[in-house]
Amino acid sequence: MTAVKRERDGNIGILTLNDPASLNAMTPELLGDLAIAIDETTGDATIRALVLTGEGRGFCSGQNLKAFQSLGNDIVAGVMTHYWPAMRSLRECRVPVVVAVNGVAAGGGFSLAVSGDIILAARSASFIQVFSRIGLVPDLGSTWLLPRLIGRQRALDLMLLNEPLSAERAKEWGLVRDVVDDAKLLDEAKTLARRLGDGPTRALVATRQLLEESEHASYAAQFRREIEVQSEIRQSADALEGRKAFVEKRKAQFKGR
């Protein structure tokens, strides 16, 4: 059994965490396979968007404590070696990433879910930080990602009190785009991914990068940075097609170039 299943639907790559017996708990093997799967799938230039989901009843239940020792005595080195590549590949993915959360996303699984670009949640989905319950601090990027998505106060509430966040409340808080019936989750995620996949890929990913850069930039610096990126992107084939389609009053046919 592969730790991460790979499928394709047109111009969409679908990656599925595949250890349902543990609710897809994190191990070096699972995260290592995920990093490879992301890089190899998006290495195909015809793939224009990704969907990430979990097999079975849960998205990801967090760290598999039985596999924790395999990280070695130096936990920092172990995590940076085995887990960081997958998280980085998601954050720096060359195509948009839709995360379809089915069931629980707990601890590091919560961090994994919020590492994509847009989240869809099944009605069964729930999000829980867990860490302080066992005397630990949030990790795998949670303290950077979560407050930027829902604000400092709500992020602290989740991190300090460990109360599960339902799918519906997650939508109210702006964490997820939409909540759908469990049986429709993957189809809805693919529909959204196709919409992104048919878009101007370079511009979409550059937009993501600009948003991340803006967290550390002044207004004046970001104003200039936007124009710098714009001057590069506007020479792309998709930008030229977009302007031509606008003048001709038709829908643009983007190719991801």
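Everything numeric in this text was worked out from a predicted model, so none of it was measured.
Here the shortest heavy-atom pairing between Ala167 and Ala122 reads CB-O, 3.4 Å. Contact detail for Ala193 and Val51: the closest heavy-atom pair is CB-CG2, 3.6 Å. Contact detail for Asp9 and Arg194: the closest heavy-atom pair is OD2-NH2, 2.9 Å.
Under 4.0 Å is where a charged nitrogen must lie from a carboxylate oxygen, and between Asp198 and Arg48 no such pair does. Ionic pairing of Arg169 and Glu172 is present here: one or more N-O contacts between side-chain nitrogen and carboxylate oxygen are shorter than 4.0 angstrom. Taking the charged nitrogens against the carboxylate oxygens, Asp178 and Lys171 do have a contact shorter than 4.0 Å, which makes a salt bridge. With respect to the salt-bridge test (charged N to carboxylate O, under 4.0 angstrom), the residues Glu212 and Arg148 do not qualify. Under a 4.0 Å N-O distance rule, the pair Glu213/Arg208 does not qualify as a salt bridge. Remark: Glu228 engages Arg225 in a salt bridge, criterion side-chain N to carboxylate O under 4.0 Å.
Considering only heavy atoms from C-beta on, Leu140 stays 4.5 Å or farther from Leu112 through its side chain. Contact of the Val99 side chain with the Val97 side chain is registered, since non-hydrogen atoms from C-beta on lie closer than 4.5 Å. At a threshold of 4.5 Å between non-hydrogen side-chain atoms, the residues Asp187 and Lys190 count as touching. Residues Thr46 and Asn11 are not in side-chain contact: their nearest non-hydrogen atoms beyond the backbone lie 4.5 Å or more apart. With a 4.5 Å cut-off on side-chain heavy atoms, Val176 and Ile118 do not count as touching. Using a 4.5 Å heavy-atom cutoff, the side chains of Ile12 and Glu7 are not in contact.
With sequence neighbours excluded, the residues that form a side-chain contact (heavy atoms from CB on, under 4.5 Å) with Ser218 are Ala220, Ala221. Here Leu145 pairs with Arg91, Val114, Ser115 under the side-chain contact (heavy atoms from CB on, under 4.5 Å) rule; sequence neighbours left out. The side-chain contact (heavy atoms from CB on, under 4.5 Å) check on Glu188 picks up Leu120, Val180, Lys184, with sequence neighbours excluded. Residues passing the side-chain contact (heavy atoms from CB on, under 4.5 Å) test with Thr81, sequence neighbours excluded: none. Not counting sequence neighbours, Glu92 has no partner by the salt bridge (charged side-chain N to carboxylate O under 4.0 Å, His left out) test.
The one candidate from Phe59, Phe127, Phe131 that meets the ring-ring contact (aromatic ring centres under 6.0 Å, His included) condition with Phe110 is Phe127. Tested against Arg123, the residues Asp181, Asn102, Asp182 include a single side chain to side chain donor-acceptor pair (under 3.5 Å) partner, Asp181.
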Test side-chain contact (heavy atoms from CB on, under 4.5 Å) on Met159 and Ser132; report intermediate values, then the result.
CA-CA 7 Å; Met159 291 172 177; Ser132 68; over 6 Å; no
Given side-chain contact (heavy atoms from CB on, under 4.5 Å), test Arg6 with Ile14 step by step and report yes or no.
CA-CA 6 Å; Arg6 308 183 198 186; Ile14 304 164; over 6 Å; no
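Applying the ring-ring contact (aromatic ring centres under 6.0 Å, His included) test to pairs two or more places apart or on separate chains, none has a residue in residues 192-214.
Between the side chains of Ser142 and Ser111, at least one donor N or O sits under 3.5 Å from an acceptor N or O. For the 3.5 Å distance criterion, the side chains of Asp39 and Ser89 qualify, holding a donor opposite an acceptor.
A continuous path of ILVMFWY side-chain contacts below 4.5 Å connects Trp144 to Ile119, so both sit in one hydrophobic cluster.
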